[in-house]
There are 2 protein chains.
Amino acid sequence: MTDAAPTGEITGRRRRSGAATIYDIAELAGVNPSTVSRALNQPGRVSAKTEEKIRKAAADLNFHANPMARALPTGRTHTLAVVVADITNPMVFGVIRGAERAASQAGFTLVIAESQESGSLEAGTIDNIAPSVDGIVLATSRLPDEEILRLAQRKTIVTLNREVDGIPSVISDPAPGVSALVAHLADLGHRAIAYLGGPSRSWISGRRWEALMHAARERGVAVFEIGPNSPTLTGGEAAFERAHASGATAVVAYNDLMAIGLMRAAKAAGVSVPDDLSVVGFDDVLGDLLSPSLTSVHADLTGMGTRSVARLLAQLGANGSHEDAGPITTELVIRESTGPSPR
Amino acid sequence: MTDAAPTGEITGRRRRSGAATIYDIAELAGVNPSTVSRALNQPGRVSAKTEEKIRKAAADLNFHANPMARALPTGRTHTLAVVVADITNPMVFGVIRGAERAASQAGFTLVIAESQESGSLEAGTIDNIAPSVDGIVLATSRLPDEEILRLAQRKTIVTLNREVDGIPSVISDPAPGVSALVAHLADLGHRAIAYLGGPSRSWISGRRWEALMHAARERGVAVFEIGPNSPTLTGGEAAFERAHASGATAVVAYNDLMAIGLMRAAKAAGVSVPDDLSVVGFDDVLGDLLSPSLTSVHADLTGMGTRSVARLLAQLGANGSHEDAGPITTELVIRESTGPSPR
DNA sequence: CTTCGCTTGTCAATCGGTTGCCAAACGAGC
DNA sequence: GCTCGTTTGGCAACCGATTGACAAGCGAAG
C-alpha cells in the first residue's frame, strides 16, 4: 500500500487567495505550466489541440493571470497613470473618462493621481507611482520642462495641453474656437475684450491668450490680459473688480470655473450678464447647467483622454498604431452669457 | 593572475530599468539583501548602526521598493480601488478626492474604475481589477446584494451609501438634513412636497425617501414619490411635467443634477423658481454655481471618501484603528431655490 | 573560563508568471 | 526503413522582494 499517496490533502502548493494559477490549469489540462503560459500568450506556439484544451481549463477555473506576477519578469504592468493637478476641476473628468475607456479597452488599468496644484508634490507623486505603471499622462502638469524631460527618460510620458520639446503631446488647438469667438463678439459690437489668465505655470493658458490676441488683431478688436489668476471659482470672483474696471465689454476667462466665478461676482455687484457684460469660458464643462448658461470654447475632452492613452499605447508598442496626428480642434458654443455690447 | 576577476563589466544582474533594488543597496552597504529588507520594514529587527547605513544607501540610490515584487510574496498590493457607476456624476468627485488623499497618506495607490451604470459591466470590471488591489470601495454600486456578498468573500469590500448585511459601509444619514429641510419648507408655507426618486437600484434613494416621509408626517405635510428616474440632468428635466402637474409647491430631487434639470425645464415652461416652485437637491455638489443657487442637503462627500478608505485599511489591519463609527451626518444648506409657497 | 541566552545577519525557499534552451515526437522524403 | 527537419512541450532560471529557520557573534552570569 502506498501511504505516500495522500487521500485528499494539500498538493504542496498552498492556495493564498481563491484565484486560479497557471499551475492549476496545467494540472487540469495535463501539461506543463510553461505550456499554459505559451498557449495563452503566444498564439500558434502550441498545437491547436493543446491550446484548445488549455483554454477550456482556464475558462473552467475562471482564470485571470495575476498582473503582479506577470509584471515582474516582463517589466510591463499593464497599468497607466493620469496625473492631474486638481481632481475637482471638471475639465479633468472628461479626460479621465476618455482615458479610462481607452485603457480598459486595451486591457490596461488606469490609475488616477492628484498633485494638488503643487509642483513638488507632483514630482513626489510621480516617483511613487512610476514603478508600477507602464506610462503616464501628465494632464495638467505644473512641472518645469526640464523636470518633465527627466521623467521621460525613465518612463513613457505623454503630455496633455502642454508642449515640451521631444515629448509626445495631445494639444487642443484654441485657434478655431477663439477665432469664431472673436468673430461672434465683434459681430455683437464688442470692441474691447479682457482675458482672465490662468496660473502662470499653465502652458495652455498662454496659448489661449496668444490665439485671442491673434484673432483680435485680425478683427481690429482690442484685447488685454488680466492675471495670472487661480483657475477656480474664487479666482474668477477675485478678478471681477479689475475686469469690470478695465472697461472691457466682454471677458474671456481661462476656464469655465473662472467664468462662473466672474458671473457670480458680477451678479453680486449688480452687473447684468449678458446685458452689461458678456462672459465666455473655456473647456465647456459646466456652461450647460447654469443660468444664464455660459458661452464657451468647447474642446473634446473625452477625445483628448482617449487619444493621450492611444499615444501612450503606441509608444509602448501595444496596439494598432493608427497615428492620429494633429491637434484636437475646438469650437465655439454660443449660449446666453454673451450678448450685444452695451456701448 | 586572476582572469576570473573582470575589470568593469556587468556584475551578473542586468539592470532592466533605472530603478535601484535592494540588491544594489545590499552591495553598497555591504550586507545581505534580506538584511536590507528587514532594516526597511521591520524597525528594530536590525541594529541601529546597520539600519542607519542601509537607509543612507537607500536614500543615495533613490530607492523605491518595486510594488510588484513586493506584492508577489505578501499578496498585498498596497493598492485600493474605488468603483463608481459614472465618473461624470459630480457626487463621486468629492468621494474620490477624499479617498485619494486617505489612500496616499497611508502609502496606498488609488485606482478608479467606472462601470458605466451597468451591473454586468460592474461585475466584469471588478473581476479585472480584483487581483491587483487589496480592497474595493463600491461607491455607487448597481449590483444586487448577493453579488456584493459573493465579492466580499474574495476581497475586502466597503460600500458607500449602501447597506448590505455583513458588509462594512459608510452611510450618509439623510435624517438630520431632511428634517431641517422639511421644517424649512413647512415654515415657508409648503403643504405638499414631491420627491423625485433616483434609480430603482439605488439604495440611498430609498433611504432619502423614507427620511422625507418620516419628517413630513411629523410636520403634517403631504409627500409623494415620483419615479424612478435617471439620476441625471435629463432625468430631472423629464420629470418636471409630472412634478408640476402634481400640484406640489416644493420638489425634492434625489440629487443635485436632477434638481438642476428640473429647474431648467421649469424655466423653459415659464415656471419661476422659487416664486412658483421651490426646488431642493441632495449632495450639494453644484448648487453654489447656479443662479438661482440651489438649496440642497449637504453631505460631507470628501469625508465619506476618507472614511471608506479608513474602513478598508482598518479591515486590512493597515493603520491605527480609530474606529470612527456611526453614520455621516447631513445638513441643510439654504440657498435661493426655495421660497415661500405661492398658495 | 565556560555556558547560556539574546541579538543580528545569512541562507534559501517562495510568490506566479515568462522565456531561452533543449530534447522528444512527429511527419515527410529518399 | 532510415534520416532529416520541424513542431511541440518540458526544464529551469529569473524578475525583486519577503520571511522562516538557523548560525554566528556578543555580553553577562555563574
Side-chain angles (χ1 to χ4, degrees), chain A residues 10-54 57-58 61 63-79 107 130-132 134, chain B residues 10-54 57-58 61 63-79 107 130-132 134:
Chain A
I10 305 151
T11 61
R13 175 168 295 276
R14 68 153 176 261
R15 180 62 53 80
R16 189 195 306 285
S17 65
T21 72
I22 58 167
Y23 296 89
D24 300 321
I25 299 178
E27 195 177 350
L28 186 60
V31 297
N32 190 283
S34 60
T35 305
V36 175
S37 173
R38 279 194 258 262
L40 299 177
N41 302 318
Q42 305 180 24
R45 179 63 176 73
V46 304
S47 73
K49 216 177 50 157
T50 312
E51 181 173 339
E52 163 68 16
K53 202 166 54 182
I54 288 173
L61 295 172
F63 172 76
H64 284 245
N66 182 327
M68 307 290 160
R70 165 179 281 178
L72 206 39
T74 60
R76 312 214 35 210
T77 64
H78 290 252
T79 300
S132 40
D134 291 339
Chain B
I10 305 151
T11 62
R13 177 167 293 276
R14 69 156 174 258
R15 182 59 56 80
R16 187 195 307 284
S17 65
T21 72
I22 57 169
Y23 297 89
D24 300 320
I25 298 178
E27 195 177 351
L28 188 59
V31 298
N32 190 283
S34 57
T35 304
V36 175
S37 172
R38 278 194 254 264
L40 299 177
N41 303 319
Q42 305 178 22
R45 179 64 176 74
V46 303
S47 72
K49 216 179 51 158
T50 313
E51 181 173 338
E52 163 68 15
K53 200 166 55 181
I54 289 173
L61 294 171
F63 171 75
H64 283 244
N66 181 328
M68 306 292 161
R70 163 178 283 179
L72 205 40
T74 60
R76 314 217 31 214
T77 63
H78 289 253
T79 301
S132 39
D134 291 339

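Note: hydrogens, waters and symmetry copies are ignored here, and every other heavy atom, side chains too, is used. Reminder, nothing fancy here: chain letters follow the sequence lines and each chain counts from 1.
- Side-chain proximity of B:V46 to the nucleotides D:dG9, C:dG9, C:dG17 is greatest for C:dG9.
- Distance A:D24 CG to C:dC15 P: 12 Å, rounded to the nearest Å.
- Atom pair B:I22:CD1 and C:dC11:C1' shows a separation of 14 Å (rounding to whole Å applied).
- Counting atom types as modelled, A:R38 pairs a side-chain N or O with a base atom of C:dG20 as donor and acceptor under 3.5 Å.
- Of the two residues near DNA chain D, B:A69 and B:Q42, the one whose nearest nucleotide lies more 5' is B:A69.
- Contacts with DNA chain D (heavy atom under 4.0 Å) in residues 28-37 of chain B: B:S34, B:S37, listed by number.
- As rounded to whole Å, 13 Å separates atom P of C:dT8 from atom NZ of B:K53.
- Following rounding to the nearest Å, B:M68 (CE) and C:dT18 (C1') show an atom-to-atom distance of 16 Å.
- For the pair A:L72 CG and C:dT19 C1', the interatomic distance rounds to 14 Å; values are reported in whole Å.
- In this structure, the nucleotide among C:dG16, C:dT19, D:dA17 sitting nearest to the side chain of A:T21 is C:dG16.
- Residues A:N41 and B:G44 each lie close to DNA chain C; by heavy-atom proximity, the contact nearer the 5' end of the strand is made by B:G44.
- Residues B:N66 and A:L72 share a closest heavy-atom pair of ND2-CD1, 4.5 Å.
- Residue B:T50 places none of its side-chain N or O atoms closer than 4.0 Å to OP1 or OP2 of C:dT8.
- Between B:F63 atom CZ and B:D24 atom CG the span is 9.0 Å, to the nearest 0.5 Å.
- Side-chain N/O atoms of B:R70 include none lying less than 4.0 angstrom from OP1 or OP2 on D:dG16.
- Following rounding to the nearest Å, B:K49 (NZ) and C:dT8 (C1') show an atom-to-atom distance of 11 Å.
- Remark: the backbone N or O of A:R70 is paired with a side-chain donor or acceptor of A:T74 at under 3.5 angstrom.
- Nearest heavy-atom pair across B:T79 and B:S132 is CB-O, 3.7 Å.
- Atom CZ of residue A:R45 and atom OG1 of residue A:T35 lie 8.5 Å apart, to the nearest 0.5 angstrom.
- The heavy-atom pair separating A:A57 from A:I25 by the smallest distance is CB-CG2, 3.9 Å.
- For B:R45 and D:dG20, the CZ to P distance is 10 Å, given to the nearest whole Å.
- In this structure, the CD1 atom of A:I25 is 11 Å from the C1' atom of C:dG17, given to the nearest Å.
- Residues B:T50 and B:S47 bring a donor and an acceptor atom of their side chains to less than 3.5 Å of each other.
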